[in-house]
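Each remark here refers to the structure printed beneath this line.
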Amino acid sequence: MPKQGQFAKSSRLKQLNQFRVKRHSQQNVIDDEQFVDYVILRFNLTSKKRLKKNIQESNQRFLIEILDACQGRNLDLNSTIPGLLKKLNSRVPWQFYRQIIAGWEVLQQFIRRELPRVPLKKQVLVSGTITKEDLTKMVAEELATKATAMTFLNRPVSKQIQEMTKSRLLQAVYQGNKINWQQIATLFKPFPLTIDPQLDQGTKEWLMALEKD
């Protein structure tokens, strides 16, 4: 599994795409180490006709992060997703969130349906539901927080001013339960993503392609 907050290497994704799991009866369960491989294979099989390729890859990488946070235990979406969005905020361009929102209904439906069916010794239970509207609001708040931090980079200001700025930015980019992505693009144009040099080349290329989307 990738480290917390880091995306799986592209070579790892290729291995997962080629992974094959035999049909398992209730008497023939998989090892805990195969959990991520099994789930990602199932996601590829069920989503490739429902999501565009670029949206599928972003959601697949997000799914790996979710599974890493779950670590084979029961998954509470309501407590897991907000923390992951915050953790990834400094490591992805804003376009990542647009793709996650676009694929969220497919991804969440898959998680709720498939994770409890994984033939582990102990069943993984999934609780909580996050609507697309809920996720959109969470993303808007995270992007407003990030934009505020960038606005006052190396310029210490009071917490009150930061909160006022965040509130104004949120009102500008989030209205009617929708994000104004054109406004977001304008807001973040002066602040290109700094890509972690320790990431593998395939992941770097994926992030650079995201920025151009």
Side-chain angles (χ1 to χ4, degrees), residues 5 7 43 46-66 69 75-114 126-153 155 157-194 206-213:
F7 287 105
F43 182 68
T46 59
S47 68
K48 61 184 178 182
K49 292 183 179 180
R50 302 181 65 187
L51 297 175
K52 293 181 180 179
K53 186 176 180 180
N54 59 338
I55 294 177
Q56 184 196 31
E57 179 172 2
S58 291
N59 278 271
Q60 176 175 280
R61 288 177 180 269
F62 191 43
L63 175 58
I64 292 175
E65 294 291 324
I66 293 171
L75 174 63
D76 181 356
L77 291 170
N78 290 332
S79 62
T80 300
I81 298 303
L84 277 181
L85 295 178
K86 185 182 297 293
K87 187 175 294 184
L88 296 174
N89 206 354
S90 63
R91 297 186 170 129
V92 293
W94 60 264
Q95 291 91 336
F96 172 78
Y97 290 111
R98 182 168 62 182
Q99 292 188 359
I100 291 303
I101 291 173
W104 178 245
E105 290 172 328
V106 171
L107 179 58
Q108 178 170 237
Q109 183 184 53
F110 169 84
I111 290 172
R112 293 184 61 83
R113 182 185 67 242
E114 295 292 338
V126 179
S127 61
T129 300
I130 296 176
T131 66
K132 187 175 182 178
E133 290 73 21
D134 292 336
L135 184 67
T136 301
K137 185 177 181 181
M138 291 179 195
V139 167
E141 290 176 344
E142 284 302 324
L143 290 175
T145 298
K146 184 176 183 178
T148 299
M150 289 179 169
T151 299
F152 297 115
L153 189 65
R155 292 170 52 199
V157 296
S158 68
K159 187 174 181 179
Q160 182 180 7
I161 292 177
Q162 291 182 38
E163 289 299 323
M164 289 175 58
T165 302
K166 176 183 173 181
S167 179
R168 287 198 296 268
L169 288 174
L170 187 58
Q171 291 177 16
V173 303
Y174 178 69
Q175 296 178 350
N177 295 323
K178 294 183 179 180
I179 294 176
N180 186 325
W181 293 111
Q182 186 174 357
Q183 286 275 17
I184 291 292
T186 301
L187 196 60
F188 283 94
K189 188 174 182 179
F191 308 105
L193 176 70
T194 300
W206 167 67
L207 289 170
M208 289 187 287
L210 267 180
E211 281 199 295
K212 297 176 181 179
D213 183 45

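Hydrogens, waters and symmetry mates are skipped; everything else that's a heavy atom, side chains included, is used.
- Screening Met138, Glu141, Glu65 for a side chain to side chain contact (heavy atoms under 4.5 Å, CB included) with Leu85, the sole residue that qualifies is Met138.
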Below 3.5 Å, can you tabulate the donor-acceptor pairs from side chains in residues 179-190 to any protein atom, sequence neighbours excluded?
residue: Asn180; atom: OD1; partner: Gln182; partner atom: N; Å: 3.2
residue: Asn180; atom: OD1; partner: Gln183; partner atom: N; Å: 3.0
residue: Thr186; atom: OG1; partner: Gln182; partner atom: O; Å: 3.1

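- In this structure, CD1 on Ile66 lies 7.0 Å from CG on Leu77, to the nearest 0.5 angstrom.
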Using the side-chain contact (heavy atoms from CB on, under 4.5 Å) rule, take Arg61 and Trp206 through it: C-alpha gap first, then chi angles, then the decisive distance, then the call. CA-CA 11 Å; Arg61 288 177 180 269; Trp206 167 67; 3.4 Å; yes
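- Side-chain contact check for Ser47 and Gln56: at least one donor-acceptor pair (N or O, by modelled atom type) lies under 3.5 Å.
- Side-chain contact check for Lys132 versus Ile101: some heavy-atom pair is nearer than 4.5 Å.
- Heavy-atom minimum distance, Pro93 versus Glu211: CB-CG, 3.5 Å.
- To the nearest 0.5 Å, atoms CD1 (Ile130) and NZ (Lys137) are separated by 13.0 Å.
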As a quick check of understanding, evaluate side-chain contact (heavy atoms from CB on, under 4.5 Å) for Leu193 and Val92, giving each step before the final call. CA-CA 7 Å; Leu193 176 70; Val92 293; 5.6 Å; no
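- Here side chain to side chain donor-acceptor pair (under 3.5 Å) pairs that include residues 99-108, with residues two or more places apart or in two chains, are Ser58-Gln99, Gln99-Asp213.
- The minimum heavy-atom distance between Tyr174 and Glu133, with the atom names listed, is OH-O, 4.4 Å.
- Closest of all the heavy-atom pairs between Ile100 and Phe62 is CD1-CB, 3.5 Å.
- We find the OG1-CG distance between Thr80 and Leu75 to be 4.5 Å, quoted to the nearest 0.5 Å.
- Ile161 is listed as a side-chain neighbour of Phe152, based on a closest heavy-atom distance under 4.5 Å.
- Taken from CE in Met208 to CG in Leu210, the straight-line distance is 11.0 Å, to the nearest 0.5 Å.
- In terms of modelled atom types and a separation under 3.5 Å, the side chain of Glu57 and the main chain of Lys53 share no donor-acceptor contact.
- Side chains of Leu63 and Leu107 form a contact here, defined as non-hydrogen atoms less than 4.5 Å apart.
- Taking each heavy atom of Thr129 and Asn78 in turn, the nearest pair found is O-OD1, 3.2 Å.
- Taking all atoms of both residues into account, the shortest heavy-atom contact from Gln95 to Lys212 is NE2-N, 4.4 Å.
- We find the CG-OG1 distance between Leu170 and Thr148 to be 9.0 Å, quoted to the nearest 0.5 Å.
- Lys166 and Thr145 form a side-chain donor-acceptor contact under 3.5 Å, judged by distance and modelled atom types alone.
- Contact of the Ser167 side chain with the Glu163 side chain is not registered, since no non-hydrogen atoms from C-beta on lie closer than 4.5 Å.
- When every heavy atom of Asn89 is checked against every heavy atom of Glu142, the shortest pair comes out as ND2-O, 2.9 Å.
- Under the rule for a ring pair (Phe, Tyr, Trp, His ring centres under 6.0 Å), the partners of Phe110 that lie at least two apart in sequence or sit in another chain are Phe43.
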